[in-house]
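Only this structure's heavy atoms are used, side chains among them; waters, hydrogens and symmetry mates stay out. What you see is a predicted model; the values in this text were computed from it and never measured.
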Amino acid sequence: MNKSFVNHLPEIEIGESIYKQLPNSMLKYLLSENSKYEKEAFQGLAETILEPIKLKKVTPSCTVLEDQIVWSRSPARIDLAGGWTDTPPHCMMDGGDVVTVAIELNGQPPLQAYIRRTEESSINLRSIDLGKQEQITTYESLTDYSNLDSGFSIPKACLNLCGFHPDFSKVKYSSLQNQLRDIGCGLDITFFSAIPKGSGLGTSSLLSGTILSALSDFCGLNWDEHEICNRVLALEQLLTSGGGWQDQYGGIFPGVKLLHTEKGVNQIPLIKWLPDSLFKDPEYAGCMILFYTGITRVAKNLLGEIVEGMFLNDKNGILALDEIKRHANYIAEVIQQGDFIAFGKAIKETWKLKNRLDSDSNNQEIQRIIDTIDDLCLGYTLPGAGGGGYLFIVAKDPQSAAEVRRRLRKYTGNTRNRLVDFTISTQGNKVSRS
């Protein structure tokens with residue numbers, strides 16, 4: 001059996017122990033490059049991530065007083081370098097390195113969730129930003145999370161992982177209503193995202209982490225930040241949306257950081273904290289600009305394409321991922337040194353590498369915005385998968401930054417674009433009780 005992850009690059013070897021941890025369906029696809037194993041491979045990947053969670057069944061309870069509210073708040077994140085190296089199966093085979101920064105928008109954490117107890121034996125879900133609500137009284141309703149456009153896929157999947165379904169609960173109940181009666185209350189869960197859909201700021205993953213952390217506190221599960229982030233990774237497999245670990249780690253944990261994992265099935269990033277002086281020094285902070293383009297793009301289809309390339313050992317894609325990983329470590333060094341010019345130029349390299357991995361990261365509308373400000377910038381990139389959302393800009397100097405803002409205020413690409421104030425989050429995810 002050829003043990004090379006990249007059949008085209010035999011010098012990249014995987015230990016036998018890694019292979020023993022992977023399901024046969026993934027191995028068939030990785031080693032044969034036969035498309036007939038594609039569906040099985042994706043299912044095998046999901047099972048590999050979900051299995052440890054299903055083995056750690058939990059027993060949710062009610063740990064709040066009748067008039068208490070559990071309140072969870074999370075920042076968004078900007079990935080400065082290393083995106084896609086955190087995504088299974090690549091990170092399982094070769095580890096991942098991502099530099100990311102947690103940010104608050106317009107002075108507040110943009111992702112929030114509230115939970116209070118109710119007298120009814122039901123779970124009530126409310127989305128403030130979508131203006132929707134749903135009452136849940138059965139396990140069947142809780143497993144209806146495959147429709148990602150419903151507005152409630154994320155909280156339903158969160159409730160499953162918190163033990164409100166037999167697949168994840170230590171105690172078996174005949175019905176959800178009986179489980180809630182045993183707990184002694186129903187749940188009223190209200191949440192909102194103050195970020196447009198398809199923003200590229202890790203919104204879905206961080207909303208998942210925000211709700212999970214609130215439920216952990218409410219239900220007495222006592223999960224730490226690493227457990228929350230690991231369960232977000234599993235949650236994305238439940239939703240069939242897939243994804244890596246950098247979004248949730250980028251916002252659940254505060255500040256600027258380099259996240260690193262070794263190869264292996266259990267991906268628990270080591271966090272190297274980086275100084276935030278470039279983002280806070282008055283000389284440089286005003287040169288960093290966040291602009292919402294008004295263009296949205298859902299990353300699910302792109303994610304599937306990139307992961308398929310990982311499964312099929314796409315030579316160009318794997319070479320790009322190797323370069324992306326090296327670049328993440330380089331930009332971490334630049335931030336450590338406080339070199340603003342090198343940082344700005346490195347951000348531009350991040351953008352080039354994203355386009356090398358996926359040419360659709362850019363499009364005509366995005367390029368029009370870039371052309372409007374390019375002469376004033378050291379660098380720019382679209383956080384996340386690209387193709388839309390927010391544009392992170394590093395201007396050459398304060399005077400250039402002022403002109404960038406002036407030009408963007410006048411930009412008439414669509415009616416939704418706008419400048420957005422951001423600051424470094426020093427707290428990350430925070431949970432409190434009233």
Side-chain angles (χ1 to χ4, degrees), residues 75-83 99-107 110 195-196 199-201 250 255-256 274-295 327-328 330-355 361-384 386-414 416-425:
R77 71 94 185 92
I78 294 175
D79 57 316
L80 302 175
V99 178
T100 183
V101 54
I103 61 168
E104 296 185 356
L105 302 180
N106 299 317
I195 311 176
S199 68
L201 298 184
V256 188
L274 300 173
D276 58 9
S277 54
L278 286 180
F279 296 85
K280 289 187 174 180
D281 189 318
E283 183 179 357
Y284 306 129
C287 296
M288 300 188 197
I289 299 165
L290 198 59
F291 180 67
Y292 179 57
T293 65
I295 306 163
H327 180 61
Y330 168 72
I331 205 169
E333 291 179 10
V334 166
I335 293 172
Q336 189 75 48
Q337 295 164 1
D339 190 333
F340 174 72
I341 300 299
F343 172 75
K345 292 179 178 179
I347 291 298
K348 192 166 189 175
E349 184 63 22
T350 294
W351 179 235
K352 291 179 180 178
L353 287 169
K354 284 191 179 186
N355 280 274
S361 294
N362 201 0
N363 56 52
Q364 289 184 344
E365 291 183 81
I366 295 298
Q367 191 59 48
R368 278 187 60 203
I369 298 172
I370 290 173
D371 290 343
T372 301
I373 59 172
D374 188 44
D375 60 310
L376 301 163
C377 299
L378 292 170
Y380 36 74
T381 188
L382 291 171
Y390 285 81
L391 182 67
F392 175 64
I393 303 160
V394 183
K396 293 178 178 178
D397 50 50
Q399 294 74 27
S400 298
E403 179 61 16
V404 167
R405 290 185 172 89
R406 189 191 70 81
R407 292 183 188 179
L408 291 178
R409 288 190 186 98
K410 292 177 61 179
Y411 184 76
T412 56
N414 59 64
R416 297 182 299 276
N417 62 61
R418 56 193 178 271
L419 290 162
V420 178
D421 291 332
F422 77 96
T423 53
I424 302 297
S425 170

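A pairwise comparison of heavy atoms in I195 and A76 identifies CD1-CB, 3.8 Å as the closest pair. The two atoms that bring R416 and Y292 nearest to each other are O-CD2, 3.5 Å, heavy atoms only. Closest of all the heavy-atom pairs between F340 and M288 is CE1-CE, 4.2 Å. A pairwise comparison of heavy atoms in L278 and I335 identifies CD1-CA, 4.2 Å as the closest pair. The two atoms that bring I331 and A81 nearest to each other are CG2-CB, 3.5 Å, heavy atoms only. Considering all non-hydrogen atoms of both residues, A346 and Y330 come closest at CB-CE2, 3.9 Å.
Separation of atoms CG (L408) and CD1 (I393) is listed at 5.0 Å; rounding is to 0.5 Å. In this structure, the separation between OG on S199 and CG on L105 is 8.5 Å, given to the nearest 0.5 Å. Between the CG atom of D281 and the CD atom of E283 there is a distance of 5.5 Å, given to the nearest 0.5 Å. To the nearest 0.5 Å, the span separating CD on Q336 from OG on S277 amounts to 9.0 Å. Going from atom CD1 of I366 over to atom CZ of R368 covers 11.0 Å, rounded to the nearest 0.5 Å. In this structure, the separation between CD1 on I347 and NZ on K352 is 13.0 Å, given to the nearest 0.5 Å.
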Inset, instruction - Test C377 against V404 for side chain to side chain contact (heavy atoms under 4.5 Å, CB included), laying out the working first. - result: CA-CA 8 Å; C377 299; V404 167; 4.3 Å; yes

Legend entry - Chi angles and distances behind the side chain to side chain contact (heavy atoms under 4.5 Å, CB included) call for L353, H327: CA-CA 9 Å; L353 287 169; H327 180 61; 3.6 Å; yes

Inset, instruction - Could you please spell out the steps behind the side chain to side chain contact (heavy atoms under 4.5 Å, CB included) verdict for I341 and L378? - result: CA-CA 7 Å; I341 300 299; L378 292 170; 4.0 Å; yes

Legend entry - Test log, rule side-chain hydrogen bond (donor to acceptor under 3.5 Å, both in side chains), inputs Q367 and D371: CA-CA 6 Å; Q367 191 59 48; D371 290 343; 2.8 Å; yes

Legend entry - Residues T381, D79; criterion side chain to side chain contact (heavy atoms under 4.5 Å, CB included); working and verdict: CA-CA 9 Å; T381 188; D79 57 316; over 6 Å; no

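At least one side-chain heavy atom of Y380 sits less than 4.5 Å from a side-chain heavy atom of D374. Considering only heavy atoms from C-beta on, I373 comes within 4.5 Å of L391 through its side chain. Contact check for R77 versus V101: no side-chain heavy atoms found under the 4.5 Å cut-off. The shortest distance between side-chain heavy atoms of P398 and C287 falls below 4.5 Å. Looking at heavy atoms from C-beta onward, Y390 lies out of side-chain contact with L382 at the 4.5 angstrom threshold. The closest side-chain heavy-atom distance from P75 to I103 is not below 4.5 Å.
Panel note: side chain N414, backbone N417; a donor-acceptor pair is recorded below 3.5 Å. Using modelled atom types, one side-chain atom of K354 and one backbone atom of G384 make a donor-acceptor pair closer than 3.5 Å. For the pair T293 (side chain) and I295 (backbone), a donor-acceptor distance under 3.5 Å is present. Judged by distance alone, the side chain of N363 and the main-chain N or O of G387 form a donor-acceptor pair under 3.5 Å. R407 places a side-chain N or O within 3.5 Å of a backbone atom of T372 that can act as its donor or acceptor partner. Without hydrogens or angle criteria, T100 side chain to I78 main chain gives a donor-acceptor distance under 3.5 Å. Here the side chain of K348 pairs no donor or acceptor atom with the backbone of V394 at under 3.5 angstrom.
D339 and K345 are not joined by a salt bridge, as no carboxylate oxygen comes within less than 4.0 angstrom of a charged side-chain nitrogen. A salt bridge between R406 and E403 is present, with a side-chain N of the basic residue lying under 4.0 Å from a carboxylate O of the acidic one.
Relative orientation of the F422 and F392 rings is perpendicular, given thresholds of 30° and 60° on the angle between their planes.
Remark: aromatic rings of F343 and F279 are close, center separation under 6.0 Å.
For the side-chain contact (heavy atoms from CB on, under 4.5 Å) criterion with L274, the lone passing option out of V256, L80, V334 is V256.
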